[in-house]
Amino acid sequence: PYYSLCYIVKHTATSSSSGSSTFTGLTDTPSSLGTAGQVAAVNSGGTALEFVDVQSSITTSVKDFGAVGNGVANDTTAIQNAINSAISSGGIKHLTFPPGIYKLGGTISVDDELHVFAKGAKFIQTVNQRVFDFDVTDKANVYSLSSSYTIGSDTISLSTTPSSGVIKTGDAIKIVSKAVDRCQRDQGTDSSLYRVGEWATVKSVSGSTITLTMPLKEVKGVDPTSASGEESIVDSYDFTYEPKVIVLPRISMSWIGGEVAFEDNHDNDGWSNPVFTCSGYTNPKLSEIVITRGYQAGINLAGTVHAVVKDCSISNLTNNTSQGQYGYGVSNAGTFKTLVEGCTFTNTRHGFTTSSRRYGWSNSTTNLQYLAGGRDQSAIVVNCHGSGGYGGSAPFDTHMCAQDTTFNNCVVDGAESGFHIRGRNVTVSNCKTFNVNNNGIYAFTEYGGTSNSGDAWANDKNHMTSVRINNCELNAF
């Protein structure tokens with residue numbers, strides 16, 4: 001489903017005494033003549049043809065590893081074995097699910113590149129565990145700054161020089177700090193805070209010096225130590241607050257098609273795991289997926305760059321915060337330039353939301369925590385439709401972590417509210433709401449003064465909600 005391939009039916013070649021063959025335009029001889037059904041490919045040096053089996057090189061089928069797909073047998077182990085084989089093959093890392101019903105009794109984990117084709121397949125999760133977990137954050141590189149960042153500068157200096165090729169021109173890198181983002185809803189505890197974090201684009205690399213396309217923005221934060229009364233505004237990337245740079249491993253993934261659901265009737269059993277998680281990938285693509293039942297997020301993106309979620313249908317996600325069930329269709333946590341296009345959301349708390357995570361700061365802080373925190377930047381949600389929902393719901397939502405989020409040509413028909421907006425520089429254009437019980441758009445001031453022990457910074461206009469509304473048809477604002 002991914003490539004146009006040239007299969008060998010028959011070929012004629014000139015054989016030498018050693019049995020090798022020559023082909024016009026290639027300087028070396030292939031190691032064998034190949035057989036019918038194999039694929040002809042130029043070798044890595046570009047000098048000779050080589051012939052490889054279609055099954056082993058192009059795609060792996062879960063059926064080859066014992067998956068049954070009859071809705072009765074537990075296919076978890078067979079599917080995991082197929083994935084492990086596909087990602088360790090060293091070739092094109094593809095996995096195919098033939099049509100069938102695949103019963104699961106655990107999480108399917110992926111920690112490398114993988115491209116899945118699952119049209120016609122259905123998956124049923126029978127336990128309270130996430131269904132598919134794609135996570136390459138352990139392969140990210142983490143560097144400390146060698147000195148405090150100079151506000152207004154377009155350069156940062158690392159404490160160690162990266163190996164050649166680890167950071168390249170055009171890469172998106174994440175800069176994080178122990179300081180607290182001023183979007184902090186409440187003081188909480190020092191072990192669970194919304195830390196400062198933002199994405200930046202690399203202009204050039206020279207040794208340990210990284211030049212960015214523009215200066216960093218999140219240069220002011222809050223002292224991370226809880227205190228009564230007024231807390232101090234600080235320079236976020238001062239060396240005191242241990243600023244770090246996270247570099248993704250440039251690993252991609254894709255998933256096309258398939259229907260996924262948890263077992264029904266577990267709303268009150270404490271089930272609260274997402275269907276898909278995708279963490280630390282560059283250019284991940286999830287398309288034509290149908291999620292029909294869940295108890296937390298449908299698709300949870302964390303610390304991804306240029307993610308695309310397209311033509312997906314997500315419905316019936318339980319919203320019961322007392323059991324940790326947040327029915328988010330697509331949840332962005334600390335991502336950069338996500339595109340959500342052509343999706344439908346039915347009976348969710350939010351069809352789309354930004355929801356970056358709180359975390360502690362210690363030697364045990366994980367790469368995933370760094371990447372999933374901080375600002376969620378430059379997401380675009382376009383041509384999407386939302387309806388239905390549970391208490392406190394709106395099909396389209398942003399939390400205070402949102403930065404430069406755009407909703408365009410989205411429609412809400414029948415819901416409690418249409419759009420819940422928090423964050424900075426959020427744009428709602430060409431959108432419509434019909435049959436909405438409360439507000440078409442609800443823009444949160446977020447802070448009420450008392451919830452932050454009177455901290456004056458909580459009501460500073462520079463980090464309260466800002467929203468642009470263009471050419472929309474709404475019930476109310």
Side-chain angles (χ1 to χ4, degrees), residues 142 144-145 147-153 156 173-200 215-246 302-303 332-336 354-366 368-377 398-405 421-426 443-467:
V142 180
S144 297
L145 293 193
S147 59
S148 299
Y149 169 70
T150 301
I151 296 176
S153 172
I156 55 175
I173 59 176
K174 192 157 198 176
I175 298 89
V176 299
S177 167
K178 186 178 180 180
V180 177
D181 194 314
R182 288 176 292 177
C183 80
Q184 178 77 5
R185 279 181 162 182
D186 49 53
Q187 289 173 313
T189 65
D190 293 345
S191 62
S192 181
L193 294 170
Y194 291 102
R195 308 286 176 178
V196 168
E198 66 180 290
W199 291 96
L216 298 177
K217 296 179 179 179
E218 303 302 312
V219 295
K220 294 293 182 180
V222 180
D223 190 294
T225 304
S226 293
S228 59
E230 188 69 17
E231 293 182 319
S232 302
I233 295 292
V234 298
D235 292 344
S236 303
Y237 304 119
D238 186 277
F239 199 64
T240 304
Y241 302 106
E242 306 171 27
K244 300 182 186 300
V245 175
I246 321 299
N332 268 13
T335 73
F336 188 44
T354 62
S355 187
S356 294
R357 300 175 193 169
R358 296 180 293 182
Y359 62 95
W361 191 278
S362 67
N363 291 333
S364 61
T365 302
T366 65
L368 176 57
Q369 288 174 312
Y370 290 137
L371 287 164
R375 289 278 145 187
D376 190 88
Q377 293 170 239
T398 56
H399 287 87
M400 287 302 291
C401 57
Q403 180 82 44
D404 304 324
T405 305
I421 304 299
R422 314 166 185 85
R424 285 176 283 185
N425 298 328
V426 179
F444 287 73
T445 55
E446 190 70 12
Y447 303 112
T450 57
S451 63
N452 287 277
S453 301
D455 287 321
W457 53 263
N459 293 301
D460 186 296
K461 67 179 182 180
N462 291 322
H463 45 270
M464 291 182 71
T465 295
S466 57
V467 57

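Both backbone and side-chain heavy atoms feed into the values below; hydrogens, waters and symmetry mates do not. Just so you know, these numbers come straight off a predicted model, no measurement behind them.
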(request) Could you tell me whether K220 and D235 make a salt bridge, using a distance below 4.0 angstrom between a side-chain N and a carboxylate O? (result) yes
(request) Report the residues that fulfil side-chain hydrogen bond (donor to acceptor under 3.5 Å, both in side chains) with T240, sequence neighbours left out, ordered by chain and then residue number. (result) D238
(request) Quick one: closest heavy-atom pair of V467 and A443, and the distance? (result) CG1-CB, 4.3 Å
(message) If I compare all heavy atoms of R422 with all of A402, which pair ends up nearest, and what's the gap?
(response) O-CB, 3.9 Å
(message) I want to check something: taking the side chain as every heavy atom from C-beta on, are V180 and W361 in contact at a cut-off of under 4.5 Å?
(response) no
(request) Quick one: closest heavy-atom pair of P224 and L193, and the distance? (result) O-CD1, 3.6 Å
(message) Between V245 and V142, is there a side-chain heavy-atom distance shorter than 4.5 Å?
(response) no
(request) State the CD-OG distance between Q403 and S466, to the nearest 0.5 angstrom. (result) 7.5 Å
(request) Say whether, by atom type as modelled, one donor and one acceptor occur between the side chain of K174 and the main chain of G334 under 3.5 angstrom. (result) yes
(request) Starting at CZ of F336, measure out to CG of D404 and round the result to the nearest 0.5 Å. (result) 9.5 Å
(request) Taking side-chain hydrogen bond (donor to acceptor under 3.5 Å, both in side chains) as the test, write out the residues that go with S147, two or more places apart. (result) none
(message) Suppose we screen for side-chain hydrogen bond (donor to acceptor under 3.5 Å, both in side chains). Which residues come up paired with S236, at least two apart in sequence or across chains?
(response) none
(request) With sequence neighbours left out, write down each residue that passes salt bridge (Lys or Arg N to Asp or Glu O under 4.0 Å) with K244, or none if nothing qualifies. (result) none
(request) Tell me, please, which residues at least two apart from Y241 pass ring pair (Phe, Tyr, Trp, His ring centres under 6.0 Å). (result) none
(message) Rounded at 0.5 Å granularity, tell me how far CD1 in I156 sits from CD1 in I175.
(response) 5.0 Å
(message) For the backbone of A333 and the side chain of S355, can you confirm whether one donor and one acceptor N or O come within less than 3.5 Å of each other?
(response) no
(message) Nearest 0.5 angstrom please: T365 OG1 to Y370 OH, how far?
(response) 4.5 Å
(request) Indicate yes or no: at least one non-hydrogen side-chain atom of P215 is less than 4.5 angstrom from one of Y149. (result) yes
(message) Any salt bridge linking R195 with E242? Criterion: basic side-chain nitrogen under 4.0 Å from a carboxylate oxygen.
(response) no
(request) Applying side chain to side chain donor-acceptor pair (under 3.5 Å) between D376 and each of T354, T335, T398, report the one that passes. (result) T335
(request) Output the distance between atom OH (Y194) and atom SG (C401), rounded to the nearest 0.5 Å. (result) 7.5 Å
(request) For E198, enumerate each residue passing the side-chain hydrogen bond (donor to acceptor under 3.5 Å, both in side chains) test, keeping only those at least two apart in sequence or located in another chain. (result) Y237
(message) So does V196 get a backbone contact from the side chain of R375, meaning a donor-acceptor N/O pair under 3.5 Å?
(response) no
